[in-house]
Structures are given as structure tokens and as C-alpha cells.
Amino acid sequence: QVKLVESGGGLVQAGGSLRLTCTASGRSFSRYVMGWFRQAPGKEREFAASIPDSSTYYADSVKGRFTISRDNAKNTVYLQMNSLKLEDTAVYYCAAGSTWPGTKAEYYNTWGQGTQVTVSS
């Protein structure tokens, strides 16, 4: 069973950038579909991006601003977030699963603890 730890969250002004990192422990990282989700206060958890292998998928709300990538040699997945908006404020969660393409939370069975991203005006 893989374990996930996120880092890189913080406070940033609108228009700024952050890079989130998710490091996995355990074996066979390259076999996992990896995803990033987010949950804003009072809202349901929503899909942001996934990376089953070399292909990537994005929610419309982040497309063109966020980039997901993975380094299988380092057991790590990243989420580069540019042009951040106030509405990007949320707790961001990393997740690991086995169902392609990983655009729904129900496809994942392992979650990290989350990292807070706050975008200020």
C-alpha cells in the first residue's frame, strides 16, 4: 500500500504561482494513476488533474494554468499552479489509484493528508 505526503502549499497573491509536491512511499509507483483534487470550504472535493502515465487530464477550471507531472524515479508527482485565482483557494489532496484516467475521486483508494493553498487579493 502506498502512502502519500503532500507539501508546497501556502499563501500567495492572485496571479502568483505555487508548486505542490506529493511524495509516495511503497513500491510500484509507476503503476499508479496519480491525481490532484481540491476541496474549498463548504464545497465538495473536486478533480483538478490526473496523470495515468505520460498522458494528462485537467478540469476545465484549471486547464491552461496548472500542469501535472510525475517523476517515477523519485516516486513524486507535482502540480505546478500558475496565474492563481481567489477561487483556487482550497485544501489540495494527492491521490493514488488504478483506474484510468482518474478524473473522479471514486477511482482512488489512497489519499494524502492535504496541503492548504490560499490565494489572496
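A cation-pi arrangement is absent between R70 and Y78, since the terminal nitrogen or guanidinium carbon is not both under 6.0 Å from the aromatic centre and inside a 45° cone about the axis.
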* **ring-ring contact (aromatic ring centres under 6.0 Å, His included) between W36 and F66, worked out** => CA-CA 11 Å; W36 285 98; F66 290 12; 9.9 Å; no

* Criterion side chain to side chain contact (heavy atoms under 4.5 Å, CB included) on S121 and L86, from CA distance to verdict -> CA-CA 7 Å; S121 58; L86 297 178; 4.1 Å; yes

* To do: Just do the side chain to side chain donor-acceptor pair (under 3.5 Å) check on Q1 and T110 with the steps written out, would you?
  => CA-CA 8 Å; Q1 184 79 6; T110 302; 2.8 Å; yes

* For the pair S55 and W100, evaluate side chain to side chain contact (heavy atoms under 4.5 Å, CB included) and give the outcome as yes or no after the intermediate values. => CA-CA 10 Å; S55 58; W100 193 290; 3.5 Å; yes

* Candidate pair F47 and F37, rule ring-ring contact (aromatic ring centres under 6.0 Å, His included), full reasoning -> CA-CA 5 Å; F47 168 74; F37 288 74; 5.6 Å; yes

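Both L20 and V2 belong to a single network of hydrophobic side chains, linked directly or stepwise wherever heavy atoms of I, L, V, M, F, W or Y lie under 4.5 Å apart. Under the 4.5 Å side-chain contact rule for hydrophobic residues, V33 and F29 do not share a cluster.
Contact detail for W111 and A105: the closest heavy-atom pair is CZ2-O, 3.7 Å. The minimum heavy-atom distance between G102 and S50, with the atom names listed, is O-CB, 3.4 Å. When all heavy atoms of S17 and S83 are compared, the closest pair comes out as OG-N, 4.3 Å. Of all heavy-atom pairs spanning M34 and C94, the tightest one is CE-SG, 3.7 Å. Considering all non-hydrogen atoms of both residues, A96 and Y108 come closest at C-CD2, 3.3 Å. Minimum interatomic distance between A48 and V62 (heavy atoms only, all atoms of both residues): O-CG2, 3.3 Å.
The side chain to side chain contact (heavy atoms under 4.5 Å, CB included) search around S61 returns R38, A59, not counting sequence neighbours.
Between the side chain of T89 and the backbone N or O of V119, at least one donor-acceptor pair lies under 3.5 Å. The main-chain N or O of I51 is never found under 3.5 Å from a side-chain atom of T56 such that the two would form a donor-acceptor pair. A donor-acceptor pair is defined here as one N or O able to donate and one able to accept, closer than 3.5 Å; such a pair exists between the side chain of Y58 and the backbone of I68. The backbone N or O of G114 sits less than 3.5 Å from a side-chain atom of E6, completing a donor-acceptor pair. Side-chain atoms of T115 come within 3.5 Å of backbone N or O of G9 as a donor-acceptor pair.
In this structure, T99 OG1 and Y32 OH are separated by 12.0 Å, a value rounded to the nearest 0.5 Å. Going from atom CG of L18 over to atom CG of L84 covers 6.0 Å, rounded to the nearest 0.5 Å. In this structure, CD in Q13 is found 13.0 Å from OG1 in T118, a value given to the nearest 0.5 Å. Separation of atoms CG (N75) and OG (S30) is listed at 8.5 Å; rounding is to 0.5 Å.
The residues D88 and K85 are annotated as not salt-bridged, no charged nitrogen and carboxylate oxygen being separated by less than 4.0 angstrom.
Here the side chains of L79 and M81 are in contact, with some heavy-atom distance below 4.5 Å. Here the side chains of Y93 and C22 are not in contact, with every heavy-atom distance at 4.5 Å or above.
Under 3.5 Å, the side chains of T76 and D71 contain no donor-acceptor pair of N or O atoms.
Other residues, nucleotides and ligands place more than 12 heavy atoms under 6.0 Å from the CD atom of E106.
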